[in-house]
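If you read the sequence from its start, that first residue is 1, and numbering goes on from there.
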Amino acid sequence: MVNLVAAQKPLLHGLMKLAGVAPHAVEIEPGTVMNFWVPTETFPKPKPKKGEKPKPNSKPKKPVVVLVHGFAAEGIVTWQFQVGALTKKYSVYVPDLLFFGGSVSDKSDRSPNFQAECLATGLRKLGVDKCVLVGFSYGGMVCFKLAELYPELVEAMVISGSILAMTCSVSQTTMERLGFTSSSELLLPTSVKGLKSLLSVAAYKKLWFPDRLHKDYLEVMFTNRKERCELLEALEVNSKDPTIPNFPQRIHLLWGENDEIFKQELAQNMKQQLGERSTFEGIKKSGHLVHLERPCVYNKCIKKFLISVYNKDKET
């Protein structure tokens with residue numbers, strides 16, 4: 001029987017190529033490969049001969065925006081409504097973090113630091129010197145690490161539905177409130193019922209899909225379960241009050257006002273911790289999946305922030 005989710009992938013990939021991005025695998029180091037969707041403007045012209053895979057051979061020609069996905073889907077699925085909205089004015093890069101999409105590693109490190117280091121290496125190999133990060137959920141935590149470790153690479157950030165670090169206390173409180181025993185139970189469902197529970201928590205409006213579609217989604221999107229479980233384990237920090245880095249970048253917290261996983265109050269508290277270079281903006285009638293539920297509003301907010309970042313750069 002045909003997997004409906006897998007069958008839709010070629011269509012989505014075709015739409016992304018029309019929007020101006022194409023897939024490319026980058027070897028970070030021996031044993032570690034990270035897949036990126038890369039601006040087609042950076043590929044050589046004319047196109048290589050039939051059978052040869054094109055490789056990016058030039059630096060991006062426009063300001064760079066990097067879209068970093070969350071835990072329940074790979075990059076291009078997560079950001080399918082943002083790519084086309086941004087490629088006209090920006091060079092858009094969409095990575096698959098390790099153990100998502102086509103990205104793999106034989107290393108044992110599962111920390112957000114390692115994800116951030118690999119992402120930084122991959123971007124530099126693709127000719128990116130500076131960028132604005134847009135991070136969602138787990139991807140937001142990776143973005144925070146990337147900005148902390150490589151401040152010269154990251155100009156600014158937009159963070160949605162994420163926190164600086166997943167402390168044990170925050171994890172326990174959140175899971176108890178949502179009615180789950182662990183983050184793995186929530187984020188790595190093994191049944192149609194489990195996936196429905198995840199979607200009911202993540203979305204503002206209750207979504208209905210046939211069980212067949214849920215089953216197909218589980219099969220396609222929840223691969224590398226062992227490694228992803230280890231990613232979640234490595235995410236938790238024992239400290240009750242982790243040190244807040246002094247970020248030099250502007251940070252815009254863009255939130256679904258009805259986010260039940262990381263509530264708006266957490267974002268407001270984080271804004272105070274981050275200081276005067278951070279801003280907060282809520283989007284009504286949206287939950288954790290704000291970028292999918294209210295894509296037009298979300299894209300408008302991102303564009304407004306990007307204009308303020310790059311116009312300020314021109315002025316200085």
Side-chain angles (χ1 to χ4, degrees), residues 68-75 77-78 95-101 103 105 108-116 118-119 135-146 159-204 207 214 217-242 253 255-256 258-267 269-270 273 286-293:
V68 189
H69 65 83
F71 212 83
E74 60 196 48
V77 174
T78 301
D96 287 324
L97 296 174
L98 295 176
F99 305 112
F100 295 85
S103 300
S105 177
S108 60
D109 195 340
R110 301 287 183 262
S111 68
N113 287 54
F114 185 59
Q115 290 274 25
C118 291
L119 183 50
F136 164 66
S137 198
Y138 174 68
M141 299 181 207
V142 174
C143 287
F144 276 127
K145 282 296 177 185
L146 185 61
I159 302 294
S160 298
S162 186
I163 52 178
L164 281 158
M166 180 65 84
T167 63
C168 292
S169 59
V170 168
S171 177
Q172 184 177 351
T173 302
T174 302
M175 291 307 115
E176 286 179 356
R177 174 171 52 80
L178 295 174
F180 293 86
T181 59
S182 66
S183 55
S184 293
E185 184 188 2
L186 171 64
L187 295 171
L188 288 173
T190 57
S191 64
V192 168
K193 182 181 178 181
L195 180 55
K196 286 182 177 180
S197 296
L198 171 58
L199 291 174
S200 69
V201 167
Y204 169 66
L207 306 172
H214 285 98
Y217 190 90
L218 278 170
E219 187 178 316
V220 172
M221 290 297 163
F222 290 91
T223 56
N224 298 319
R225 286 181 175 273
K226 175 180 177 293
E227 291 83 1
R228 292 193 196 182
C229 187
E230 292 167 353
L231 290 176
L232 289 174
E233 291 172 359
L235 199 59
E236 289 197 5
V237 179
N238 289 324
S239 173
K240 290 184 179 180
D241 299 303
L253 306 176
W255 235 254
N258 305 94
D259 192 331
E260 289 298 322
I261 296 179
F262 293 123
K263 284 185 170 288
Q264 196 173 186
E265 291 76 17
L266 271 176
N269 291 336
M270 186 164 59
Q273 292 176 313
S286 59
H288 192 63
L289 300 174
V290 56
H291 57 292
L292 294 173
E293 293 187 281

Donor-acceptor contact present, side-chain Glu260 to main-chain Gly287, <3.5 Å:
no
Just by distance, do the side chain of Arg177 and the backbone of Ile261 share a donor-acceptor pair under 3.5 Å?
yes
Between Ala72 and Phe222, the two heavy atoms sitting closest are O-CZ, 4.1 Å
Value for CG (Leu218) from OG1 (Thr223), rounded to nearest 0.5 Å, stands at 11.5 Å
Handout entry: Met270 vs Phe144 side-chain heavy atoms within contact, under 4.5 Å
Key = yes
Beyond-backbone contact of Val201 with His288, side-chain heavy atoms, under 4.5 angstrom:
no
- prompt: Any side-chain heavy atom of Leu231 sitting closer than 4.5 Å to one from Phe100?
  reply: yes
Output for pair (Lys145 NZ, Leu119 CG), nearest 0.5 Å, gives 14.5 Å
* Asked: If only atom types and distance count, is the side chain of Asn258 paired as donor or acceptor with the main-chain N or O of Tyr204 below 3.5 Å?
  -> no
To the nearest 0.5 Å, atom CG of Asn224 lies from atom OG of Ser105 at 11.0 Å
- prompt: Is the closest side-chain heavy-atom distance between Lys193 and His214 below 4.5 Å?
  reply: no
Taking every heavy atom of Gln264 against every heavy atom of Trp255, the minimum-distance pair comes out as CA-CD1, 4.0 Å
For Ser171 and Glu236, the nearest pair of non-hydrogen atoms, with its separation, is OG-OE2, 2.9 Å
Cys143 and Val68 have their tightest heavy-atom pair at SG-CG2, 3.6 Å
*How about Leu97 and Ser103: do any of their side-chain heavy atoms sit closer than 4.5 Å?*
no
Give a yes or no on whether the backbone of Ser197 and the side-chain of Ser200 come within a donor-acceptor separation of less than 3.5 Å.
-> yes
Taking every heavy atom of Cys229 against every heavy atom of Ser184, the minimum-distance pair comes out as SG-OG, 3.6 Å
So OG of Ser160 and CZ of Phe262: to nearest 0.5 Å the spacing works out to 12.5 Å
Closest non-hydrogen atoms of Leu186 and Met175, given as atom of the first, atom of the second and distance, are CD2-CE, 3.8 Å
One should read off an interatomic distance between Leu266 CG and Leu253 CG, to the nearest 0.5 angstrom, of 11.0 Å
> Are Leu232 and Arg110 close enough that some pair of their side-chain heavy atoms sits under 4.5 Å apart?
Replying inline: no
- Please assess Leu289 against Phe136 for the test side-chain contact (heavy atoms from CB on, under 4.5 Å), listing each intermediate value before the final yes or no. CA-CA 9 Å; Leu289 300 174; Phe136 164 66; 3.8 Å; yes
Exercise for review: For the residue pair Phe71 and Met141, establish whether any side-chain heavy-atom pair is separated by less than 4.5 Å.
Suggested key: no
message: Quick check: do Leu187 and Tyr138 have side-chain heavy atoms less than 4.5 Å from each other?
response: no
